Amino acid sequence: MELQAISALMQERYRIIMEKFSYEGKEEEAKERLRYLLSNQRISFSSLAPEPKDWNAWMEECIRNADWPGLCRVMNQRGKAGMMPSIYGGYHYEKNFHCMLECFACGNILAMERILPPELVRVKNFHSPFFPVAAHMLIGLWQRDKAVLEWAVPEAERFLEKKSSLLEKAMLSFLLDLESGDMDRGSEDLLAVCKSYPRDQRHVLGVRPFCTLAHGLYCLAQILLPEDVFGNLNMPKYKNFISEFARWRREHSDPDLSLWFRYPEDMAMINGIYEAPPARLVLW
């Protein structure tokens, strides 16, 4: 769908939502007014966001045109919605591992300190067993914290011995390769991420036109590894890995991350939400 058409659709959705903000009851007491506001002024951010098919269409357009700066902008804005905290609690923070890999892929490395902060290594009560070991490994590598890696590496190795999805095992194995510096294994595991990505959508963020997770891991390797070691990591030769984009990202470590889809002036508040850094994950 064209950007102009989507802008009109968003304005209509916004109008319908805002109509609910008008209290038309006869009760004037403060308690009744408050009860009305609490029951009606709840807006899901996703209800005012473009549809997944639109994000994918924009990504595909950028890929066709080799518009790599545009692809980074689409990925970054789309990812902001995925990093929105949930007011309902629970295990919503588990998706932050996949969100962060897409952040690496598009160049939003500042999100790491906010959505996967060092304090998360103290959290063990994850819903899925993959996320604690993956998050703890990533935090240990990012912070270059040997004390964390001392227990996170054995934790990850034990996970690989258990029954799990091929995608989860390939991603975790690659993180272990980054810790060991074995880029022969790293090349094999990164290819395995690409191959298993279409088959395993159980816990990923949703269907993408290419393997954003593999691209994120590749960019992470460039950040963490010495140049000579990173040079030994082969790009996956697979249909869902875009070598041209990966080469472009190697040369552009700080791409433009301005908004791809900008809301009309009367909805400028939402532009501000997309432009702001993600909310910091806080333990309580």
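These numbers come from a predicted model, not from an experiment.
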Pairing residues for Glu119 by the salt bridge (Lys or Arg N to Asp or Glu O under 4.0 Å) criterion, not counting sequence neighbours: Arg280

Residues that Arg262 engages under salt bridge (Lys or Arg N to Asp or Glu O under 4.0 Å), provided they are two or more places apart: Glu275

May I have the list of side-chain donor-acceptor pairs in residues 63-70 shorter than 3.5 Å, sequence neighbours left out?
unit_1, atom_1, unit_2, atom_2, d
Asn65, ND2, Glu61, O, 3.2
Asp67, OD1, Gly70, N, 2.9

Partner set under salt bridge (Lys or Arg N to Asp or Glu O under 4.0 Å) for Glu179, not counting sequence neighbours: none

With sequence neighbours excluded, residues passing side chain to side chain contact (heavy atoms under 4.5 Å, CB included) with Pro129: Phe159

Leu166: hydrophobic cluster co-members (side-chain, 4.5 Å): none

Lys162: partners by side chain to side chain contact (heavy atoms under 4.5 Å, CB included), with sequence neighbours left out: none

Residues that Arg250 engages under salt bridge (Lys or Arg N to Asp or Glu O under 4.0 Å), provided they are two or more places apart: none

List, one per line, each side-chain donor-acceptor pair under 3.5 Å for residues 224-243, sequence neighbours excluded.
unit_1, atom_1, unit_2, atom_2, d
Asn232, ND2, Asp228, O, 3.4
Asn240, ND2, Cys194, O, 2.8

Qualifying residues under side chain to side chain contact (heavy atoms under 4.5 Å, CB included), relative to Arg249, sequence neighbours excluded: Cys72, Cys219, Phe245, Pro255

For Phe174, all residues meeting ring pair (Phe, Tyr, Trp, His ring centres under 6.0 Å), sequence neighbours excluded: none

Test side chain to side chain contact (heavy atoms under 4.5 Å, CB included) applied to Pro132 - qualifying residues, sequence neighbours left out: Phe126, His136

Neighbour count above 12 (heavy atom, 6.0 Å) for Glu265 CD: no

